[in-house]
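Note: hydrogens, waters and symmetry copies are ignored here, and every other heavy atom, side chains too, is used. On a predicted model such as this, the values are computed, not experimentally measured, just so you know.
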Amino acid sequence: MPRDYKATCLLPKTAFPMKGDLFKREPQWLARWESTGLYERILARPVDGRFVFHDGPPYANGHMHYGHILNNALKDFVTRSRNLLGERTRFIPGWDCHGLPIELNVDREVKRKKENVSPTEMRVRCRDEAAKWVEVQRTERKRLGVLGTWETPYLTMNKAFEAQVIRALRAFVANEIVYRGKKPVQWCWHCRTALAEAEVEYADAHVSPSIYVKFALDAQSLETLRAKLPAGVTRVAALIWTTTPWTIPANLAIAVHPALDYVVLQGVDGEGLLVATSLAAAVAKAAGLTDLVVGPAFKGELLLGVKAKHPFEERWAEVFGADYVESGAGTGLVHTAPGHGRDDYKLGSAHGLEAYAPVGDDGRYTGELGDGAKAMGLEGKFIFDANPVVEQHLRSLGALLQPPGQTLTHKYPICWRCKNPLITRATTQWFIAMDEPMRAPGSDGHTLRARALSEIDRLAADGARAASEGTARGWVPSWGRERIRGMIEARPDWCISRQRIWGVPIPAVQHKATGEVVLTTELLDHVANVFAERGADAWYSDDPTVLPAEIRCADGVLRPREEFTRDGSIIDVWFESGSSFFAVCEPEPDLGAKVDLYLEGSDQHRGWFHSSLLVGCAVLGEAPYRAVLTHGFVCDDQGRPYSKSDIRRRQEARRDEITARITKGEALEGVLAAMKSTWATPEKIADAKKRLAKKTSLDDVALAIAQDDIEFIPPEKIIAEQGAELFRAWAVFVDYENDMPYSRAVLNQAIDAYRRVRNTMRFMLGALRDEPAPLLSEVVLEPLDRWAMVRLGEVLAKCERAYRQYSFREVFATVVDFCQELSGLYLDASKDWLYNDAADVPRRRSALATMQHLVRSLAAVVAPILPFSSEDVWDHLPAFEAKGDSVHLELWPTVTPLADGEALIVAMRRLRTLRDGVFAVLEPVVQGWGVEKQAAKKAGREPGAGEVSFSDDARIDHARDAAVSLEVSEADRAELGPLAPQVAELLGLGSIELVAGPIAGERVRRALGPSCERCWRRRGDVGGDGLCPRCRHAVEVFDRAAGAPA
RNA sequence: GGGCGCAUAGCUCAGUUGGUUAGAGCACGCGCUUGAUAAGCGCGGGGUCGCUAGUUCAAGUCUAGCUGCGCCCA
């Protein structure tokens, strides 16, 4: 019985599992890191660099969704990689706690229980509600592996934060750009509050009435147009078009474009209709006119100053010029109600008109209505209910153009929270002026807008400079500049007040006797100190000391606080979060107000980046950040947003389509096939039919189908069942600068890449066999190992640059590629000496020293991305000098450059082309035999039992059984340099012959001679004992060590 | 309707300042592999670079328009 030599081989041995079992083991690492104070120990390392990262606060309401998770993963990549690169980086997570959604949640609860709750009590409830969600999200964020000060996060409802918000507001007041004014704002009549730009959503298919209204011109205006009238026209009406009849009572003017062409269109009974030339035909059609008769065209300029009679109020609407008037829709004459539209307001205020808005908080008309409207009974009526009333009344007056019931389906703004349609309504609010010079001491007198725009450009310029240095600052990606620039350029003054309770109050006071409203730096200084100590809740208490004993009015006179009442508005939550750098980073001595990086979704160009920029410009005189990195949104495989609600909407749409088509008489099979449904298989269709037979409604079956076709995978499910790290692998696998496709298929691809890295590490750990490896300094490296070290150096350089540019994907791809490269050639070739050489053979020791360094380095490189698995590797890496207890305490790995590095790279490249040549001739032989073998097996025969066409000499299963001859030029052979003597071994061939000239005979032959029983090589040196000399020696060494001579 | 983006193989992505035959991984097909085996290796098929026009000796790359998708706004 021949001896089984397997036991004498040094085969891979490691406890590092192939399967991560991440979902089970991740919590254990998290617990360990927490108990060993890993985060603090990382920060305590003596490093020179420093990097300030600032977490944008998610809203403390609801569970984390995919966008949040992705965002948190990216943030963790940043903090961990910066720390790895020797730049101390803290992560202070934050939450946005104030604001409408939480208040409405509590409100709903209060209303349900029919309780009567004071503002103070309301704030307590809101605080509890926010705290509840902070807790939920804290758990979810920690579970992802995000490293940070989770026990001391920043909350916008913390006292210190609230005080700093007031101090930020003070900076605006000191700059004299805070004012109170009556201006149109987006208003939710249901929530009874003004909304910020960021709080407005749009409904796709809102149906509005669509009416054309006539405003009769006065005699003098008629005279102006005398020469432009078609024959028979004796009177003229300006024709406007609107989708908001309820704003007609607030009409004060009409806008035309001075450069646009207008005509008078012949109507009925001698009436002319004033419209833009380009729209005359459409209007005539709407009016049911059979002939299109118009007078000569003229420019809108001629109309300026023309007066038209309001249809039911005793006042005149004057015609003004405005360049926003369009020639493509409506009539070219725009109904202008300065209290109910932003453009309208601008135009009105330019001509001295007030922002007239006779509509209350609740969306009902107030007593400010004109007599005509009051006579219609509109006072107290809800505006959307007034639409038909106004329309009917206009009709009865003959002021309407077209038949009843015309509607327009269009996008319309709705409240982000309650989803009710919004209105634009002028209210008295606090504003921050964008275009007034800032006058605080030390300010250079620029306007906030100008300052912000110049900061945007400064960041962009700095970003370009950074890019040329191989790092990233400014707007990343660079188009962020255009995006935020457009928004800052176009934005109106910042409306910072909200008529709600849950927030930081705007600490203004009103003098009871004079009605004067006071908001001064002195007042703010006092209140900020009170808030710092007692929190903003103090504002709602009865305690008089919330205010200073005396308050200075505009006339310079100090008056006792008892003469004042406190304002009830709170500040826009975007102002709060925009102040976060000032509340969180500025007070910390090792951070400071200048933050190196903000990192959020690209929607924050309008949100947090935007508000932070404005606050920064007022408080610091500059942007609070050096770099702004944005990511896209998580989408499904069709590129549609991947969120629970979006998916549900799509599932329902699909269900409705299935239902509709089947109800119309189409066959189930046909419908499903046409939709490429996963249910378009005979079994599934049978299943569906069975369900229908069981009286399950068609809708329910259709929904089940839709849910299978359009799947939503809850993130917490992936994390609980597969592990957070796989999600992180997905986050690094897709390109975050664009929208990121998410589906099971993509997730699986990311997992495959992860496994490639994991298994390559595992192989090398196995090679090390749980034994301390020789140090690099203790061995003479073989050429192949030297190549690996040179390549590692290249990989490290590339990854370092990629990390500095936040190109995490590139880091990961580089590592995955490197693993592939190692697997395919380096590790494969090394197996021979790893397994078969005696333990102390120099070339084996060289390989071990190299692999130890490779594993150690690669684990550190991927640690920011795969914190769990890299720690797993670290745990299984044999001890070496100075090995810490966590990979996360490592600093960026280094490799000593080798003088012959370039030559080694060239040699390896040549070896690779050589290998391509070898496989090109070898593959058909191996494959041909393989196919025969498969066929024989299939037919139930033993391969080679006389029925296959390969002769024994030609059978080659494996490269090691092959002797190959290859044509290689002298120059190419020279490139092999130090690798030349080892070519056969490196390529795993039995033997290779490199021939300079043409090859006469077969290029591939079966290697001659018996194979060594231990290492299976056919090198022609196998002795009578069945072993090659190398193996004979190894067995001797093995037996001696085992103390049992054979 | 406007602003800013994106579009390369079935999927995820590379593709330097325009310059040979557009690459990689995954998936797929065919093989190998007792010794990386819920792994590893080799070979192979697969692309009108969204569409149209233009600039150029030369366009995936530059310009314009269009289509589709996303974010932000109206």
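For D735(A), the side-chain hydrogen bond (donor to acceptor under 3.5 Å, both in side chains) partners two or more places apart in sequence, or in a different chain, are N738(A). For the side-chain contact (heavy atoms from CB on, under 4.5 Å) test, residues two or more places apart in sequence or in another chain that qualify with R909(A) are I905(A). Not counting sequence neighbours, the partners of D457(A) by the side-chain contact (heavy atoms from CB on, under 4.5 Å) test are R481(A), R485(A). Shown here are the ring-ring contact (aromatic ring centres under 6.0 Å, His included) partners of H340(A), two or more places apart in sequence or in another chain: W246(A). With sequence neighbours excluded, no residue satisfies side-chain contact (heavy atoms from CB on, under 4.5 Å) with A464(A). In this view, K644(A) and R648(A), F712(A) satisfy the side-chain contact (heavy atoms from CB on, under 4.5 Å) rule, not counting sequence neighbours.
Scanning RNA chain B for stems, defined as runs of 3 or more consecutive Watson-Crick or G-U wobble pairs whose donor-acceptor distances all fall under 3.5 Å, gives the following ranges: B:1-7 with B:67-73, B:10-13 with B:23-26, B:28-32 with B:40-44, B:50-54 with B:62-66.
Counting distance only, with no hydrogens placed and no angle test, the side-chain atoms of N836(A) and the base atoms of rG35(B) include a donor-acceptor pair under 3.5 Å. In terms of polar N and O atoms assigned as donor or acceptor, the side chain of S823(A) comes within less than 3.5 Å of the base of rA36(B) in a complementary pairing.
Sorted by residue number, the members of residues 632-642 of chain A with any non-hydrogen atom under 4.0 Å from RNA chain B read F633(A), G639(A), R640(A), P641(A).
Nearest-nucleotide positions on RNA chain B place R1017(A) closer to the 5' end than the other of M487(A) and R1017(A). Comparing D828(A) and G480(A) against RNA chain B, the residue whose closest nucleotide sits nearer the 5' end is G480(A).
Between D961(A) and R1018(A), at least one side-chain nitrogen of the basic residue sits less than 4.0 Å from a carboxylate oxygen of the acidic one, meeting the salt-bridge criterion.
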Please assess C799(A) against F812(A) for the test side-chain contact (heavy atoms from CB on, under 4.5 Å), listing each intermediate value before the final yes or no. CA-CA 8 Å; C799(A) 289; F812(A) 192 59; over 6 Å; no

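For the P atoms, the distance linking rC26(B) with rG44(B) amounts to 15 Å, nearest Å. For rU21(B) and rA59(B), the P atoms lie 12 Å apart once the distance is rounded to whole Å. The separation of rU61(B) from rU55(B), taken at their C1' atoms, amounts to 14 Å, rounded to a whole angstrom. As rounded to the nearest Å, rG60(B) and rA22(B) have C1' atoms that lie 8 Å from one another. Of the C1' atoms belonging to rG25(B) and rU17(B), the separation is 28 Å, rounded to the nearest Å.
Contacts of P477(A) with the nucleic acid, taken as non-hydrogen atoms under 4.0 Å apart, are absent. Nucleic acid contact for R481(A): none, since no nucleic acid atom lies under 4.0 Å from a heavy atom of the residue. Among the heavy atoms of the strands lying under 4.0 Å from E482(A) are primed sugar atoms or P, OP1, OP2 only; no base atom is included.
Y5(A) has no side-chain polar atom (N or O) that falls below the 4.0 Å cut-off from OP1 or OP2 of rG35(B). Proximity of R483(A) to the phosphate of rC73(B): no side-chain N or O atom is located under 4.0 Å from OP1 or OP2. Residue K831(A) has a polar side-chain atom (N or O) positioned under 4.0 Å from OP1 or OP2 of rA36(B).
When the P atom of rG35(B) is taken as reference, atom CD of E1013(A) falls 17 Å away, rounded to whole Å.
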Nucleotide N/O to protein N/O under 3.5 Å, stretch nucleotides 25-28 of chain B:
residue	atom	partner	partner atom	Å
rG25(B)	N2	Q749(A)	OE1	2.7
rC26(B)	O3'	D752(A)	OD2	3.4

For nucleotides 37-39 of chain B, give me every protein contact, N/O to N/O, under 3.5 Å, one pair per line with atom names.
residue	atom	partner	partner atom	Å
rU37(B)	OP1	R762(A)	NH1	2.8

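With no hydrogens or angles considered, a side-chain donor-acceptor pair links T247(A) and H335(A) at under 3.5 Å. When only modelled atom types and interatomic distance are considered, T14(A) and R769(A) share no side-chain donor-acceptor pair under 3.5 Å.
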Output a table of donor-acceptor pairs, distance under 3.5 Å, between side-chain atoms of residues 757-766 of chain A and any protein atom two or more places apart or on a different chain; print 'none' if there are none.
residue	atom	partner	partner atom	Å
R758(A)	NE	P17(A)	O	3.2
R758(A)	NE	M18(A)	O	3.2
R758(A)	NH1	Y754(A)	OH	3.1
R758(A)	NH2	P17(A)	O	2.9
R758(A)	NH2	D872(A)	OD2	3.0
N759(A)	ND2	R755(A)	O	3.3
T760(A)	OG1	R756(A)	O	2.7
R762(A)	NE	F16(A)	O	2.9

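Checking rC43(B), rC32(B), rC30(B) against the side-chain heavy atoms of D916(A) singles out rC43(B) as nearest.
Applying the salt bridge (charged side-chain N to carboxylate O under 4.0 Å, His left out) test to every pair with at least one member in residues 809-829 of chain A, sequence neighbours left out, gives these pairs: R791(A)-E821(A), R801(A)-E810(A), E821(A)-R912(A), D828(A)-K831(A).
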